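Comments concern the structure below.
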Amino acid sequence: MIEVRPFDGLGGADHGWLKAKHHFSFAGYHDPARMHWGALRVWNDDEIGPKTGFPPHPHADMEIITYVRSGAITHEDSLGNKGRTPAGDVQVMSAGTGIRHAEYNLEDETTTLFQIWILPTKTGEAPSWGQKPFPKGDRAGRFVVMASGDTADDDALTIRTDGKVAAATLKAGETAIYPLGADRKGYLVPAVGEIEVNGVRVGPRDGAAIAEEDTVTVKALSDAEVVLVDTI
């Protein structure tokens, strides 16, 4: 089963400095039919204006993954962590028992990113933060796991949940296969490009909610960059 959720039909808000689209209910956007997809709770498609950002605010008991599509995001938190995550890189924050953080676009250009929240399977642990580059060339024509709760994915950033975040970069006509498993749920979004997912057409920044599919076969109809969440 694959349900396409067109970008133009997503909820969202325009705050001037922030233009946000929400694949799931978030902040002032509420849709009881789109509260979550398995353990995936939030997928926000954000455009953050230059020299703006989110001032310090709290989180707890959530795994927060930020995939930067263009520009860069600068992070600061109550643990003393600081870091700049440029396009193509990923940062993860395990909010754990509680953390305050700020995220700013200190660049001279608009920053675009996906922010993904996944419910943890482990709670009551200390918060943490990390980031890592994932060069697009390394995931050319194939899925690369960038964040994972599986210790076997030792090249990925660690998250405290039964889930993974993977990405692939495809040239037009190329195909990549991801072994999801029929008992799991997937949610896939092309950051750019038009694709087919198991034969179903998905446009740029559309969401594809996937269930009861052993494998996910992505064919690029144009040059594409796709991000996939695999969860229970």
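If you're wondering where the values come from, they're calculated on a predicted model, not measured in any experiment. In what follows, every heavy atom counts, from backbone to side chain, and hydrogens, waters and symmetry copies are set aside.
Rounding to the nearest 0.5 Å places CG of Asp31 at 5.5 Å from OG of Ser25. Note that the OG1 atom of Thr74 and the CG atom of Leu106 stand 4.0 Å from one another [nearest 0.5 Å]. To the nearest 0.5 Å, the span separating CE on Met35 from CG on Leu40 amounts to 12.5 Å. Between Lys122 atom NZ and Asp61 atom CG the span is 14.0 Å, to the nearest 0.5 Å. Summarising the geometry, atom CD1 belonging to Ile177 is positioned 12.5 Å from atom CG belonging to Asp214; distances are rounded to the nearest 0.5 Å.
Checking Tyr67 against Glu225 by side-chain atom types alone, a donor-acceptor pair falls below 3.5 Å. A side-chain donor-acceptor contact under 3.5 Å links Gln91 and Glu103. Donor-acceptor pairing under 3.5 Å is recorded for the side chains of Ser70 and Thr112.
Contact annotation: the side chain of Val42 never approaches that of Ile116 to less than 4.5 Å [non-hydrogen atoms, C-beta and beyond]. Val68 has its side chain out of reach of Pro86: every pair of non-hydrogen atoms, C-beta onward, lies at least 4.5 Å apart. Within the 4.5 Å cutoff, side-chain heavy atoms of Leu113 are placed close to those of Ile48. With contacts defined as side-chain heavy-atom distances shorter than 4.5 Å, the pair His101/Asn81 does not qualify. Taking 4.5 Å as the limit, every side-chain heavy atom of Val200 sits out of range of all side-chain heavy atoms of Glu196. Side-chain contact check for Leu157 versus Met146: every heavy-atom pair is 4.5 Å or farther apart. With contacts defined as side-chain heavy-atom distances shorter than 4.5 Å, the pair Trp37/Arg5 qualifies. Between Asp223 and Leu170, every side-chain heavy-atom pair lies at or beyond the 4.5 Å cut-off.
Ion pairing between Asp46 and Lys21 fails under the 4.0 Å rule for side-chain N and carboxylate O. Classification of Arg69 and Asp45 as a salt-bridged pair holds, one side-chain N sitting under 4.0 Å from a carboxylate O. Taking the charged nitrogens against the carboxylate oxygens, Lys164 and Asp230 have no contact shorter than 4.0 Å, which rules out a salt bridge. With salt bridges taken as basic N to acidic carboxylate O contacts below 4.0 Å, none links Glu76 and Arg100.
Between Pro6 and Val4, the shortest heavy-atom contact is CD-O, 3.4 Å. Across all their heavy atoms, Pro190 and Gly203 have their closest contact at CG-O, 3.4 Å. Pro50 approaches Asp108 most closely through the heavy-atom pair CB-C, 3.7 Å. Between Ala166 and Phe143, the closest heavy-atom pair is CB-CD2, 4.1 Å. Nearest heavy atoms, Trp43 versus Phe24: N-CD1, 3.7 Å. Shown here for Pro127 and Gly98, the closest heavy-atom pair between the two residues is CG-O, 3.3 Å.
Leu180 and Ile2 fall within a single hydrophobic cluster, where Ile, Leu, Val, Met, Phe, Trp and Tyr side chains are chained together by heavy-atom contacts under 4.5 Å. Cluster membership for Met93 and Ile65, using ILVMFWY side-chain heavy atoms within less than 4.5 angstrom, is not shared. Note: the hydrophobic cluster containing Leu18 also contains Ile73 (ILVMFWY, side chain heavy atoms under 4.5 Å, direct or indirect links). Under a hydrophobic-cluster definition in which Ile, Leu, Val, Met, Phe, Trp and Tyr are linked whenever side-chain heavy atoms come within less than 4.5 Å, directly or via other members, Phe114 and Tyr187 are assigned to the same cluster. Cluster membership for Ile159 and Val189, using ILVMFWY side-chain heavy atoms within less than 4.5 angstrom, is shared.
His75 pairs in a ring pair (Phe, Tyr, Trp, His ring centres under 6.0 Å) with only one of the listed residues (Tyr104, Trp129, Phe54), which is Trp129.
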| query | Under the side-chain hydrogen bond (donor to acceptor under 3.5 Å, both in side chains) criterion, do Gln115 and Thr66 qualify, and how do the steps go? | reply | CA-CA 5 Å; Gln115 189 165 96; Thr66 303; 3.2 Å; yes
| task | Tell me, with the steps shown, if Val165 and Val227 meet side chain to side chain contact (heavy atoms under 4.5 Å, CB included). | result | CA-CA 7 Å; Val165 181; Val227 180; 4.0 Å; yes
| task | May I have the step-by-step check of side chain to side chain contact (heavy atoms under 4.5 Å, CB included) for Ile118 and Thr231, ending in yes or no? | result | CA-CA 8 Å; Ile118 306 175; Thr231 190; 4.2 Å; yes
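The number of heavy atoms from other shown groups lying within 6.0 Å of CD (Glu212) does not exceed 12. Counting non-hydrogen atoms of neighbouring residues, nucleotides and ligands closer than 6.0 angstrom, the NZ atom of Lys132 exceeds 12 such neighbours.
No side-chain donor-acceptor contact under 3.5 Å links Lys19 to the backbone of Asp14. With hydrogens and angles ignored, the 3.5 Å screen pairs a side-chain donor or acceptor of Asn198 with a backbone N or O of Thr215. Remark: side-chain polar atoms of His36 are paired, donor with acceptor, to backbone N or O of Gly38 under 3.5 angstrom. Although no hydrogens or angles enter the test, the distance criterion places no donor-acceptor pair under 3.5 Å between the side chain of Arg34 and the main chain of His22. A donor-acceptor pair under 3.5 Å is absent between the side-chain atoms of Glu213 and the main chain of Ile210, judged by distance alone. Counting only distance, with no hydrogens or angles, the side chain of Asn105 and the backbone of Glu109 share a donor-acceptor pair below 3.5 Å. Formation of a donor-acceptor pair under 3.5 Å by the Asp77 side chain with backbone atoms of Gly80 is found in this model. Side-chain atoms of Gln131 come within 3.5 Å of backbone atoms of Arg84 as a donor-acceptor pair (strictly under, hydrogens ignored). Remark: the backbone N or O of Leu119 is paired with a side-chain donor or acceptor of Thr161 at under 3.5 angstrom. Not a single donor-acceptor pair under 3.5 Å links the side chain of Ser94 to the backbone N or O of Glu63.
For Glu125, the salt bridge (Lys or Arg N to Asp or Glu O under 4.0 Å) test picks out Arg160, with sequence neighbours left out. With sequence neighbours excluded, the residues forming a side chain to side chain donor-acceptor pair (under 3.5 Å) with Glu194 are Arg201, listed by chain and number.
In this pair, Trp117 and His59 present their aromatic rings perpendicular. The plane angle is above 60°, beyond the 30 to 60° band.
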